[in-house]
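Input: a single structure, listed below in structure tokens.
The sequence lines fix the lettering, A, B, ..., with proteins before strands; numbering per chain opens at 1. All values reported here derive from a predicted model rather than from experimental measurement.
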Amino acid sequence: MSEERSLNFIEEIVEEDLAAGKNNSRVLTRFPPEPNGYLHIGHAKSICLNFGLAKKYNGQTNLRFDDTNPTKEEVEYVDSIKADVKWLGFEWANELYASDYFDTIYNFAVTLIKKGLAYVDDSTAEEISTQKGTPTEPGTPNQYRDRSVEENLQLFAEMKAGKYPDGAKVLRAKIDLASPNMHMRDPLMYRIKHTHHHRTGNDWCIYPMYDFAHGESDAIEHITHSICTLEFIPHRPLYDWFIEQLELFPSKQYEFARLNMTYTVMSKRKLLQLVEEGFVEDWDDPRMPTISGLRRRGYTPASIREFCERIGVARRENMIDVSLLEFCIREDLNKTAWRRMAVLDPIKLVLTNYPDGQTEIMSGENNPEAEDGDGSREFPFSNELWIEREDFMEEPPKKFFRLGVGLMVRLKNAYIVRCDSFVKDADGNVTEVHCSYLPESKSGNDTSGINVKGTIHWVSVPHAKEAEVRLYDRLFQVEDPSNEDGDFKEYLNPNSLHIIKTAYIEPELAKAEVGVGYQFMRKGYFTLDKHSTPEKLVFNRTVTLKDGWVKK
RNA sequence: UGCCUGAUAGUAUAAUGGUAGUACGACGGUUUUUGGUACCGUUUGUCUAGGUUCGAAUCCUGGUCGGGCAACCA
């Protein structure tokens, strides 16, 4: 049995609430994305937290789109978000939208006006900003703050009716212009936007602000634990204030530190820039930290969930080493991915003592990690093979367990060969390695008595299929591009994508499917790209194998 | 020179007044028909100065450092 993992601080809160019988011992969380971009690995942390918490405590989770700003939101994003959450392996109890509550929230605003706790302000954005003061100086009230309830009611109704242009008026809560918390200095509740909304169409020309929609939506749904990131801590008093004044279900907000990861950026705004300015192919470019990018890169839902489990949940700022994400995908794929052979940087190996034109069928396990090897597949062998250029050295150093004149290696699932000579072209590049094979050393029937230290992979020249292989490296060359001087894009890694036009792969790989990971032995984990076709196979490298070999 | 937050190995995260532990990374070793995997080992830590206490990572006070807050964004 595995030991019980210690609780994170939110789980502790939930357990305390449960023990105290709060909310009738019910747990209801929500994942509240704004549909203005694609989900990234940071959202995955939030998704795993919210859905994971509900699952652990027999509760449920709503998927609620925070769609209160129609100028930035699109259906395309709604669809991608739903697909990503599902792909990660989670099921929401209800698919909801803040816009479903526009009528209710409007009535909440009317209630506050009637209580003398909200007013219509005709000031411009700049005036309001100025009147709010600064963190060290209190704000100052304006003439509109003392409008009568009746006048406020009428003006707000006129705002709703479309009588005023964008920016002409706003509805503000009447709280405390001198509060040390800027968010309590009469925050905006509604603004005028004559904009088409992806769900409510042209029904509305006024839209509630986040602070007057999020908590109210939580309360309407009877969310018990509303989990968000640290930057909303100063909003909490306002979250509670609205709920208290409106006498709604007392949802509670809890904040955790968002995920930051080395060598990437984690802001939708920056990711959008990379897409729009063409630094990457699209939101699902395999170099992107988006869920769709990771999926296309070959990451599995299980590996991402495991990652989110391992990084933990706390309130301190953090910077997770991307190597942990890589560990999680290797760990998963090592157990599940079928082994195949592919030569990415080929040179020809010629077996001088193997009959020209002869073919033998060799076989190899699909996965040595599985108890039964997970079955096996066959592949042809001949006297001309492709091997990796780096597996031969003209002047091999000590402990180089590969080929060099006089050295022997095992060809994986085939024979032991001894290197006799090599051929160079006019430029001095090695083009062929000539070897002799040991007939007694065939895999499974080895009676040669010879033990070699190295084993290399290979593909038979006349039988090999061709494929394009895309090798990815980190998107940025510095750990924290957002924290460097100047524009973050100056720190993009120019070598984040290396395309190999022609690699040679074993015939079996022609059956590869999108969404399935393969280990190219000794090279890493790869998966078929979504744009691959039977005529032109394209593989993406998910991650390399850990490399213990250090060149001396 | 306001308010809110936070500070434990390189990076994360436990220890909830009683032996500072775990994972990833790094380094070394064993095994190996993947220089992978697996297994074993080594390494490195309580921001600081006081106080309370038999005993402090934990409680108190001061300081230092990091993050957030003045969008008609969420």
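- For the OP1/OP2 pair of B/rG6 and a distance below 4.0 Å, the side-chain nitrogens and oxygens of A/Arg315 include at least one atom meeting the criterion.
- Nucleotides B/rU5 and B/rU37 have their P atoms positioned 44 Å apart, rounded to a whole Å.
- The distance from atom CZ of A/Phe526 to atom C1' of B/rU34 is 13 Å, rounded to the nearest whole Å.
- Shortest non-hydrogen contact noted between A/Leu188 and A/Lys132 is CD1-NZ, 4.5 Å.
- Among B/rU34, B/rG6, B/rU37, the nucleotide with an atom closest to any side-chain atom of A/Arg316 is B/rG6.
- In this structure, A/Lys335 atom NZ and B/rU34 atom P are separated by 20 Å, rounded to whole Å.
- If you check B/rC24, B/rA12, B/rU5 against the side chain of A/Ile311, the one that comes closest is B/rA12.
- Between A/Ile416 and the choices A/Asn451, A/Val409, A/Leu411, A/Asp446, the side-chain contact (heavy atoms from CB on, under 4.5 Å) rule is met once, by A/Asp446.
- For the residue pair A/Asn69/A/Thr71, the side-chain donor-acceptor check at 3.5 Å is satisfied.
- For A/Leu545 and A/Ile320, each mapped to the nucleotide of RNA chain B holding its nearest heavy atom, the one lying further toward the 5' end belongs to A/Ile320.
- In this structure, the CD atom of A/Glu331 is 8 Å from the P atom of B/rA38, given to the nearest Å.
- No side-chain donor from either of A/Glu216 and A/Tyr101 sits under 3.5 Å from a side-chain acceptor of the other.
- Among the protein residues, A/Phe400 comes within range of the nucleic acid bases, having at least one heavy atom under 4.0 Å from a base atom.
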Secondary structure string for RNA chain B (Watson-Crick or G-U under 3.5 angstrom, | for other-strand pairs):
.((((((..((((....[..)))).(((((.......)))))....(((((..]....))))))))))).....
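- Within 4.0 Å (heavy atoms only), A/Glu326 reaches no atom of the nucleic acid at all.
- Across B/rA7 and B/rU61, the matching P atoms stand 16 Å from one another, rounded to whole Å.
- Following rounding to the nearest Å, A/Lys546 (NZ) and B/rA26 (P) show an atom-to-atom distance of 6 Å.
- A straight line from CZ of A/Arg258 to P of B/rA12 spans 15 Å, rounded to a whole angstrom.
- For the C1' atom pair drawn from B/rC3 and B/rU19, the interatomic distance equals 41 Å after rounding to whole Å.
- Using C1' as the reference atom, B/rU32 and B/rA20 are 37 Å apart when rounded to the nearest Å.
- With hydrogens and angles left out, the side-chain atoms of A/Asn318 and A/Arg258 include no donor and acceptor closer than 3.5 Å.
- A/Arg474 and A/Thr264 are not linked by any side-chain donor-acceptor pair at a separation below 3.5 angstrom, with hydrogens and angles left out of the test.
- The base of B/rU34 is not paired with the side chain of A/Thr455 by any donor and acceptor separated by under 3.5 Å.
- With hydrogens and angles disregarded, a donor-acceptor distance shorter than 3.5 Å links the side chain of A/Ser443 to the backbone of A/Ala414.
- Between the CZ atom of A/Phe327 and the C1' atom of B/rA12 there is a distance of 14 Å, given to the nearest Å.
- Base contact: A/Gly444 has a heavy atom under 4.0 Å from a base atom.
- For A/His235 and A/Tyr239, the ring centers sit 6.0 Å or farther from each other.
- Side-chain N/O atoms of A/Arg410 include none lying less than 4.0 angstrom from OP1 or OP2 on B/rU32.
- Side chain of A/Ser323, nearest nucleotide from B/rU11, B/rU34, B/rG25: B/rG25.
- Only the P atoms considered, B/rG17 is 30 Å distant from B/rU43, to the nearest whole Å.
- No hydrogens or angles considered: a donor-acceptor pair under 3.5 Å links the side chains of A/Asp332 and A/Thr300.
- For the C1' atoms, the distance linking B/rU8 with B/rU48 amounts to 15 Å, nearest Å.
- Ring pair A/Tyr504/A/Trp386 is parallel by interplanar angle, where below 30° counts as parallel and above 60° as perpendicular.
- As a whole-Å value, the separation of A/Trp549 CH2 from B/rC27 P is 14 Å.
- Distance noted for atom C1' between B/rC39 and B/rU31: 8 Å (whole Å).
- No hydrogens or angles were tested; on distance alone, a donor-acceptor pair under 3.5 Å links the side chain of A/Glu369 to the base of B/rG36.
- Between the C1' atoms of B/rC59 and B/rG67, the separation comes to 25 Å (whole Å).
- The nucleotide whose nearest atom lies closest to any side-chain atom of A/Met319 is, among B/rA12, B/rA14, B/rU33, B/rA12.
- At whole-Å resolution of the value, CD in A/Glu11 and P in B/rU13 are 14 Å apart.
- Tested against A/Ile175 for a side-chain contact (heavy atoms from CB on, under 4.5 Å), the candidates A/His183, A/Arg185, A/Met184 yield a single pass: A/Met184.
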How would nucleotides 65-74 of chain B be written as a contact map, 5' to 3', with B for base contact, S for sugar-phosphate-only contact and - for no contact, using protein heavy atoms under 4.0 Å?
--S-SBSBSB
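- Remark: A/Arg339 is not in phosphate contact with B/rU34, judged by side-chain N or O atoms under 4.0 Å from OP1 or OP2.
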Could you check A/Tyr354 against A/Phe381 for ring pair (Phe, Tyr, Trp, His ring centres under 6.0 Å), going step by step and ending with a plain yes or no?
CA-CA 10 Å; A/Tyr354 193 90; A/Phe381 179 85; 5.3 Å; yes
